[in-house]
Amino acid sequence: QVQLEESGGGLVQPGGSLRLSCVVSGRTSSSYVMGWFRQAPGKEREFVAAIRSYDRHTRYSDSVKGRFTVSRDNARNTHHLQMDGLKPEDTAVYFCAESSRYLIVSALSLNHMYDHWGQGTQVTVSS
């Protein structure tokens with residue numbers, strides 16, 4: 001059973017940075033997609049970023065492009081979401097998710113394509 005656990009959330013001032021981590025255990029395949037999503041109070045869960053293991057292709061939502069960077073550390077089964085230039089509208093619970101399917105680029109942002117989810121970590125951007 002694949003399990004994911006996020007960490008690294010917290011309170012940060014506008015313009016600041018945070019680095020989220022997602023540790024994966026129980027994975028049996030070397031081919032996967034790791035996605036990051038977020039959900040603000042009263043809003044639907046939305047796509048943030050994703051990376052495919054097989055070609056390292058990445059995709060970002062327009063709202064975070066140029067500010068967030070997704071990466072992986074295979075040796076530690078850990079993925080990271082580096083968030084720079086944070087804005088108050090980035091405040092949300094952030095989730096990492098994994099899919100064992102081959103996903104085309106247009107499917108990377110679809111949350112129903114992901115099979116396993118972490119419990120989420122709170123990110124609050126406020127002065």
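Since the structure is predicted, the reported quantities are computational estimates derived from the model, not experimental observations. Heavy atoms only: backbone and side chains are in, while hydrogens, waters and symmetry mates are out.
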Original post:
Taking C-beta and beyond as the side chain, do Tyr94 and Gln39 meet within less than 4.5 Å on heavy atoms?
Top reply: no
Original post:
Run the side chain to side chain contact (heavy atoms under 4.5 Å, CB included) check on Phe95 and Val48 step by step: do they pass?
Top reply: CA-CA 9 Å; Phe95 301 88; Val48 174; over 6 Å; no
Original post:
Without hydrogens or angle criteria, can the side chains of Asp73 and Thr78 be said to hold a donor-acceptor pair below 3.5 Å?
Top reply: no
Original post:
Above 12 or not: heavy atoms from other molecules or residues under 6.0 Å from CD of Glu89?
Top reply: yes
Original post:
Are side-chain heavy atoms of Ser17 and Val12 found at a separation under 4.5 Å?
Top reply: no
**OP:** Show your working on side chain to side chain contact (heavy atoms under 4.5 Å, CB included) between Gln119 and Glu6 and close with a plain yes or no.
**Re:** CA-CA 7 Å; Gln119 81 289 350; Glu6 306 94 337; 3.0 Å; yes
**OP:** Return yes if some donor-acceptor pair links the side-chain N/O of Thr91 with the main-chain N/O of Val125 below 3.5 Å, else return no.
**Re:** yes
**OP:** Rounded to the nearest 0.5 Å, what's the gap from NE2 on His116 to OG on Ser100? Could you check?
**Re:** 6.0 Å
Subject >> Shortest non-hydrogen contact between His57 and Val105, atoms and distance >> reply: NE2-CG2, 3.6 Å
Original post:
Are any non-hydrogen side-chain atoms of Leu110 and Phe47 less than 4.5 angstrom apart?
Top reply: no
Original post:
Parallel under 30°, tilted from 30 to 60°, perpendicular over 60°: which one fits the rings of Trp117 and Phe37?
Top reply: tilted
Original post:
Where is the tightest heavy-atom contact between Gly26 and Val2, given as atom of each residue plus distance?
Top reply: O-CG2, 3.7 Å
Original post:
Any side-chain heavy atom of Thr121 within less than 4.5 Å of one from Leu20?
Top reply: yes
Subject >> Minimum heavy-atom distance Ser127-Pro14, with the two atoms named >> reply: N-CD, 3.7 Å
**OP:** Test Tyr114 against Val33 for side chain to side chain contact (heavy atoms under 4.5 Å, CB included), laying out the working first.
**Re:** CA-CA 8 Å; Tyr114 292 82; Val33 176; 3.6 Å; yes
Original post:
Tell me, do Ser63 and Arg38 make a side-chain contact under 4.5 Å, heavy atoms counted?
Top reply: yes
Subject >> Minimal non-hydrogen separation, Val123 against Gly9, with atom names >> reply: CG2-CA, 4.1 Å
Original post:
Going through the checks in order, is the side chain to side chain contact (heavy atoms under 4.5 Å, CB included) test met by Ile104 and Tyr102?
Top reply: CA-CA 7 Å; Ile104 59 176; Tyr102 176 82; 4.2 Å; yes
Original post:
In terms of hydrophobic clustering (I, L, V, M, F, W, Y; side-chain heavy atoms under 4.5 Å; direct or indirect links), are Val24 and Leu103 co-clustered?
Top reply: no
Subject >> Pair Phe68 and Trp36, ring centroids less than 6.0 Å apart >> reply: no
Original post:
Is any NZ, NE, NH1 or NH2 atom of the basic residue among Asp90 and Lys87 found under 4.0 Å from an Asp or Glu carboxylate oxygen of the other?
Top reply: no
Original post:
Out of curiosity, Met34 CE to Glu98 CD, how far, rounded to the nearest 0.5 Å?
Top reply: 4.5 Å
**OP:** Side-chain contact test, heavy atoms from C-beta onward, threshold under 4.5 Å: evaluate it for Glu46 versus Ser61 and give yes or no.
**Re:** no
**OP:** Quick one: closest heavy-atom pair of Ala92 and Ala40, and the distance?
**Re:** CB-N, 3.8 Å
Original post:
Looking at NE2 of His79 and OG of Ser53, how far apart are the two atoms once the value is rounded to the nearest 0.5 Å?
Top reply: 7.5 Å
**OP:** Nearest 0.5 Å please: distance from the CZ atom of Arg59 over to the CG atom of Leu108.
**Re:** 6.5 Å
Original post:
Do you know the tightest heavy-atom contact between Tyr32 and Tyr54?
Top reply: O-CE2, 3.7 Å
Original post:
Does some side-chain heavy atom of Met113 sit less than 4.5 Å from a side-chain heavy atom of Arg101?
Top reply: yes
Subject >> Straight-line distance of Ser71 OG to His80 NE2, nearest 0.5 Å >> reply: 5.5 Å
Subject >> NZ on Lys65 to OG1 on Thr58, rounded to 0.5 Å >> reply: 9.5 Å
Original post:
Which residues pass the side-chain hydrogen bond (donor to acceptor under 3.5 Å, both in side chains) test with Thr124, sequence neighbours left out?
Top reply: Gln122
